[in-house]
Amino acid sequence: MLRSLEDYVEFVGDKAVSSIYKKASNLYSKHICHVNSTFLGGGVAELLSRIVPLTNEIGLDTGWRVVHGTPAFFNVTKKFHNALQGKAINLSPMEKKLYLSVNERFSTYTHIEDSDCVVIHDPQPLPLVKFYKKRQPWIWRCHIDLSNPNKELWDFLKTFMIRYDMVIFSNEKFKKSNLPVQQRIIYPAIDPLSLKNVELQDKDIARYIKLAQIPTDKPLITQVSRMDPWKDPEGVLEVYRLVKKKVDCRLLYCYNLAADDPEGMEVYSRVQRKAKDLIESKDLLFVVGNDDLLVNAIQRFSSVILQKSIKEGFGLTVCEALWKGKPVVASNVGGISTQIKDGENGFLVESHDYKGCADRVIEILKNPNLVQKISKKAKERVRRHFLLPRLLSDYLDLFIELIK
Ligand code: UDP
């Protein structure tokens, strides 16, 4: 269902909503064009599916275009993603050519020249700026953990970044002193009114859990994530094995595959091989999380939410779980550390410390009072900082500043 901005008053108050309407009045009928590389799977698609309709609703004309990549193109861009998060890369001239040619071809059938501002998400469509006659501000909005990017790739991609008017990262830690472009931090946000985050009654949660054939006889420890090495699904198994020695519980891995991430199936097969015994004993369940209401119910039904990422730009899954007042045990990396204050509204552990992570989970499972203590604070932190109206307001500030 389409939402109106005023529907968010109950979460952020009428002052915040009224200030957004005022900002929007400076931008009536301005055309904004967002470009990314998938409409389904992953945080960027999730964000765009919520922010684009709301921006239209307040009077800006906002479009969302998706780069038409081939499997070979997405193999190259996943290598980019991995290298930007610190892995080595061996980039052949053919791969560079393929990367550029898919972007160039897109520019021959997609008209974005009439936009007043273009927002390019992540590295896949980054070179587009080179293939259009630039008549408006262009923003590169990077959602990746850039704490330690591979230098070779960074230098190559920087040749496109310097054409942009502004670069947006998800965390102060990702800013780059060797990038001579204005850099700004905007935190992502979740939509409290989306099917994924809307309040659910206990009977509805129970119905969804039953429909997905999830047994309810033991507490559930859950990670919701794409099948991606950066989400450390194998580490999740190790942590669970340690927890299981002390508390009888079940592990649920709710996963989906993103159209622009070709590694998913391979990672899934590897994890399945490593977890054969757990799958056979029904201690581990894999659930496909393509239904937002099911993901919502799973997050609400779980006793502990894990997010064992090795790198994380922001981590919407963390935000979603905090919003539901759930105890989250997550790695102290990237944007996760911005969302969780350890011991206050959730728990941070070092990503390689399986034992530390397991100990936290055990502590939570054994001590329901601990959950009560942090639950309210978890939700309140998200309400204050990471809900959709704040993100919309940040974007409007940016457009007002850049569009002359
Ligand atoms: N997600 C989902 N189903 C799944 C796994 C993930 O709907 O089975 C959603 C999740 O709820 C979140 C997004 O995909 O909204 C993932 O965003 P995040 O920032 O956590 O990670 P990314 O995939 O962008 O690295």
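Since we're looking at a predicted model, the values are computed, not measured. Quick note: numbers below take in every heavy atom, side chains included, and nothing from hydrogens, waters or symmetry partners. We count ligands from 1, going down the list as the structure has it; atoms in each ligand are counted the same way.
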- Message: Check this for me, if you would: do Glu280 and Lys276 make a salt bridge, where the nitrogen-to-carboxylate-oxygen distance has to be below 4.0 angstrom?
- Response: no
I want to know whether [X] and [Y] have ring centres closer than 6.0 Å.
X: His143; Y: Phe169; result: no
X: Tyr395; Y: His34; result: yes
X: Phe386; Y: Phe314; result: yes

- Task: Return yes or no for this condition: an N or O of Arg226 is under 3.5 Å from an N or O of ligand 1.
- Result: yes
- Task: Please say whether Val224 places an N or O atom under 3.5 Å from an N or O atom belonging to ligand 1.
- Result: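 Val224 vs ligand 1: no N/O contact under 3.5 Å.
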- Please work out whether the ring planes of Tyr255 and Tyr268 are parallel, tilted or perpendicular, with thresholds of 30° and 60°. parallel
- Message: Please verify the inter-ring angle class for Phe11 with Tyr8; under 30° counts as parallel, over 60° as perpendicular, anything in between as tilted.
- Response: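 Tilted.
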Minimum-distance protein heavy atom relative to [atom]:
atom: atom 8 (O) of ligand 1; result: Tyr255 C, 2.9 Å
atom: atom 9 (C) of ligand 1; result: Lys196 NZ, 3.4 Å
atom: atom 3 (N) of ligand 1; result: Gly289 O, 2.7 Å
atom: atom 18 (P) of ligand 1; result: Leu316 N, 3.5 Å

Nearest non-hydrogen atom to [atom] belongs to which of [options]?
atom: atom 1 (N) of ligand 1; options: Leu40, Asn256, Asp122, Asn197; result: Asn256
atom: atom 12 (C) of ligand 1; options: Gln223, Glu320, Glu46; result: Glu320
atom: atom 17 (O) of ligand 1; options: Gly43, Cys254, Pro188, Gly41; result: Gly43

- Distance under 6.0 Å and angle within 45° of ring axis: Lys96 vs Phe156: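 The answer is yes; both the distance and angle limits are met.
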- Message: Under 4.0 Å, counting heavy atoms only: does Lys231 come that close to any atom of ligand 1?
- Response: yes
- Item | Residue-ligand contact Phe314/ligand 1, heavy atom below 4.0 Å |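 Distance cut 4.0 Å: Phe314 fails for ligand 1.
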- With atoms numbered from 1 as shown, which atoms in ligand 1 lie under 4.0 angstrom from a non-hydrogen atom of Gly315?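 Counting from 1, the qualifying ligand atoms are 19 (O), 20 (O).
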- Message: Return the CG to CH2 distance between Leu128 and Trp138, rounded to the nearest 0.5 Å.
- Response: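 Output value for this atom pair is 5.5 Å.
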